[in-house]
Amino acid sequence: MIPTLRPHDLIWLNARDALEGITESWVDGVWHTGLPVVVRRDVDGTGRIPVGVRGLKREQRAAGWVNPERVTRVVSPENLSVATDLLRSPFITQPPVQVAFQVAQQAWSWTWGITGSTGYALATGVPVIHAESDLDLLIRAPVPLPQEAFQRWAAQLGSALCRVDTQVETPAGGFALNEWLREGRALLKTHRGPRLVADPWGREES
């Protein structure tokens, strides 16, 4: 049984024609069922899953849809943040994976995971990261968390070996942690589009 899917989850499909709504020509030459697509934010009236396809180049991104019954495997961002797995990764010498490994060796009061190109590389073995790559992280925050705890996280990662961007996921949507800490408000990405909010947990209107 396929678990409830969330944005940033990587999913594998059972056939090439499982991808619907893709018009970009490069997808045919790059994507196959051995590679995952990533769940994105959107809404479909028929219950299809909104997904994105990643190519080998930064500019190669395509958006499409998948019926749930075509999904064969799911890997969440938190599945990729296990310290022992990171240590065994063929990419452990790359700065983003080294930073993720350092984070994984510490205890945090929340669940976190790895997204973006580093997560894709860890999940697939495809070398889409290099020495200059950023590290994209995700914090699960179903309930409000102390701003001081977020500040400690951000302060530690501010001096990391590579640039680190952290997205915080709340029941209302996701927001960029650094933006929220710096500005006191952030663009909350929701299934219905972005909203500028002061409280990403929706306890008050901005």
Side-chain angles (χ1 to χ4, degrees), residues 5-13 16 18-42 49-66 71 73-81 85-86 89-104 112-139 154 157-169 173-180 182 186-191 193-194:
L5 297 174
R6 298 177 289 186
H8 304 289
D9 283 348
L10 294 172
I11 60 175
W12 281 254
L13 310 177
R16 170 63 182 87
L19 272 177
E20 301 176 8
I22 298 288
T23 58
E24 288 80 352
S25 58
W26 60 263
V27 174
D28 285 329
V30 173
W31 186 81
H32 55 80
T33 54
L35 297 174
V37 293
V38 62
V39 178
R40 58 184 177 85
R41 295 183 206 280
D42 208 335
I49 304 163
V51 299
V53 183
R54 171 186 287 271
L56 297 177
K57 301 177 182 178
R58 179 182 289 271
E59 66 271 16
Q60 289 182 329
R61 301 289 185 272
W65 303 88
V66 172
V71 177
R73 180 188 174 204
V74 180
V75 171
S76 69
E78 45 267 54
N79 292 150
L80 301 171
S81 62
D85 294 341
L86 291 168
S89 166
F91 304 114
I92 188 59
T93 59
Q94 298 287 3
V97 181
Q98 291 184 32
V99 174
F101 177 64
Q102 292 168 359
V103 175
W112 67 278
I114 304 170
T115 65
S117 58
T118 303
Y120 189 88
L122 291 169
T124 64
V126 178
V128 292
I129 57 173
H130 50 77
E132 303 302 319
S133 293
D134 294 347
L135 173 62
D136 295 303
L137 299 178
L138 176 74
I139 290 175
L157 293 176
S159 59
L161 292 172
C162 66
R163 174 184 167 85
V164 181
D165 290 313
T166 301
Q167 179 101 348
V168 180
E169 287 286 322
F175 67 94
L177 177 59
N178 287 340
E179 178 188 3
W180 186 61
R182 183 179 63 249
L187 203 62
L188 187 71
K189 299 175 184 176
T190 77
H191 291 291

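We use all heavy atoms of the structure for the numbers below, so side chains are in, but hydrogens, waters and symmetry mates are not. Residue numbers start at 1 and run along the sequence shown.
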Roughly how far, to the nearest 0.5 Å, is [atom2] of [Y] from [atom1] of [X]?
| X | Y | atom1 | atom2 | result |
| --- | --- | --- | --- | --- |
| L5 | I11 | CG | CD1 | 5.5 Å |
| E179 | Q167 | CD | CD | 10.0 Å |
| R163 | D136 | CZ | CG | 9.0 Å |
| H130 | C162 | NE2 | SG | 11.0 Å |
| T118 | D134 | OG1 | CG | 8.0 Å |
| I139 | W112 | CD1 | CH2 | 9.5 Å |

Kindly give the heavy-atom pair with the smallest separation between [X] and [Y], and that separation in Å.
| X | Y | answer |
| --- | --- | --- |
| F101 | I92 | CB-CD1, 4.2 Å |
| A104 | S81 | CB-O, 3.5 Å |
| S89 | L122 | OG-CD2, 3.4 Å |
| T93 | Q98 | O-NE2, 2.8 Å |
| H191 | P7 | CE1-CG, 4.2 Å |
| G119 | L10 | O-CD1, 4.1 Å |

Student check: side-chain heavy atoms of [X] and [Y] closer than 4.5 Å:
| X | Y | result |
| --- | --- | --- |
| L19 | V66 | yes |
| V97 | I129 | yes |
| L157 | L137 | yes |
| P194 | L188 | no |
| V168 | W180 | no |

When the side chains of residues 28-36 are checked against the rest of the protein, which donor-acceptor pairs come out under 3.5 Å, sequence neighbours left out?
{"from": "D28", "atom 1": "OD1", "to": "R16", "atom 2": "NE", "distance (Å)": "3.4"}
{"from": "D28", "atom 1": "OD1", "to": "R16", "atom 2": "NH2", "distance (Å)": "2.6"}
{"from": "W31", "atom 1": "NE1", "to": "L35", "atom 2": "O", "distance (Å)": "3.1"}
{"from": "H32", "atom 1": "ND1", "to": "G34", "atom 2": "N", "distance (Å)": "3.0"}

- [ ] Any chance you could lay out the side chain to side chain contact (heavy atoms under 4.5 Å, CB included) test for H8 and R41, step after step, and finish with the verdict?
- [x] CA-CA 9 Å; H8 304 289; R41 295 183 206 280; 4.1 Å; yes

Open item on the list: L86 and side-chain contact (heavy atoms from CB on, under 4.5 Å): which single residue from V103, I114, V99, L80 fits?
Closed with: I114

TODO: Please test T166 against N178 for side chain to side chain contact (heavy atoms under 4.5 Å, CB included), starting from the C-alpha separation and ending with a verdict.
DONE: CA-CA 7 Å; T166 301; N178 287 340; 5.9 Å; no

Open item on the list: Can you list everything that forms a side-chain contact (heavy atoms from CB on, under 4.5 Å) with R54? Sequence neighbours excluded, please.
Closed with: R61, S117, Y120

TODO: Apply side chain to side chain contact (heavy atoms under 4.5 Å, CB included) to I22 and E24, showing your working.
DONE: CA-CA 6 Å; I22 298 288; E24 288 80 352; 3.9 Å; yes

Open item on the list: Go through it in stages, so that I can follow the logic: the residues are V71 and L13, the test is side chain to side chain contact (heavy atoms under 4.5 Å, CB included), and I'd like the CA-CA distance, side-chain angles, deciding distance and then a yes or no.
Closed with: CA-CA 5 Å; V71 177; L13 310 177; 4.2 Å; yes

